Each structure stands twice: as C-alpha cells, then as structure tokens.
Amino acid sequence: HVKQEIMDADIQGALNQIDRSWKCFEHNGLPMTKSQVKAVLEYGKQVGYETVSQITDKEINEIIDKVNRRNIGGFH
C-alpha cells in the first residue's frame with residue numbers, strides 16, 4: 001500500500017504536483033521512484049479513478065514491474 005496519509009489523494013492533484021508528491025509514495029514498505037509514481041497516477045487517471053486508494057495493489061505491482069523492465073540498464 002502507499003502511505004496511509006496519501007491513500008485518498010486526488011490523482012490529478014498528485015500529478016499536477018508530481019515534482020513534490022512522488023516523494024510521499026511507497027509500496028509494500030519500499031519507496032517508489034518518480035517514474036513509478038507517475039506511471040501509477042497516469043494509469044489511475046486513464047482508467048477513470050479519482051483517488052489513489054482506488055488503485056489496487058495488483059495494479060500497482062503490474063505497473064511497477066513494467067516501469068522497472070523499461071528502466072533496466074538505464075538511469076531513472
């Protein structure tokens with residue numbers, strides 16, 4: 001799960017403030033990278049979610065895996 005205090009964060013608001021908001025996100029107790037957070041938020045917006053809490057752990061795991069595969073061998 002992402003940190004409790006941002007579970008109900010507005011997805012669009014978090015995207016608008018991505019340069020600061022990404023630092024608040026973690027998943028399964030681990031901090032998330034800016035590219036992971038942005039991908040999760042963009043996914044949530046694309047599927048019509050309004051708050052971070054609507055995104056399931058399964059969805060977050062899949063998105064993080066995709067971002068990590070895309071960043072293998074590069075810097076992020």
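Note that the coordinates shown come from a computational prediction; the quantities given were computed from them, not determined experimentally. Positions are given from 1, in the same order as the sequence printed here.
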Take L15 and D10, measure what side chain to side chain contact (heavy atoms under 4.5 Å, CB included) needs, and give me the verdict at the end. CA-CA 9 Å; L15 276 170; D10 176 74; over 6 Å; no
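At least one side-chain heavy atom of D65 sits under 4.5 Å from a side-chain heavy atom of R69. In this structure, the side chains of V52 and L41 come closer than 4.5 Å at one or more pairs of heavy atoms. Counting heavy atoms from C-beta outward, V37 and K23 have side chains that stay 4.5 Å or more apart.
Across V40, I60, I63, a single residue satisfies side-chain contact (heavy atoms from CB on, under 4.5 Å) together with H27, and that is I60.
Taking each heavy atom of S35 and V67 in turn, the nearest pair found is OG-CG1, 3.6 Å. Looking at every heavy atom in both residues, S21 comes nearest to A14 through OG-O, 2.7 Å. Looking at every heavy atom in both residues, Q12 comes nearest to K45 through OE1-NZ, 2.7 Å.
I11 CD1 to Y43 OH: the interatomic distance, rounded to the nearest 0.5 Å, is 10.0 Å. Distance check: M32 CE to W22 CH2 gives 10.5 Å after rounding to the nearest 0.5 Å.
Within 6.0 Å of the NZ atom in K66, the count of heavy atoms belonging to other residues, nucleotides or ligands does not exceed 12. Within a 6.0 Å sphere centred on CD of E42, heavy atoms belonging to other residues, nucleotides or ligands number more than 12.
Linking Ile, Leu, Val, Met, Phe, Trp and Tyr residues whenever their side-chain heavy atoms come within less than 4.5 Å leaves L30 and I64 in two separate clusters.
Scanning for salt bridge (Lys or Arg N to Asp or Glu O under 4.0 Å) contacts around E62 gives K58, with sequence neighbours left out. Listed by chain and residue number, R20 satisfy the side-chain hydrogen bond (donor to acceptor under 3.5 Å, both in side chains) test with Q17 (two or more places apart in sequence, or in another chain).
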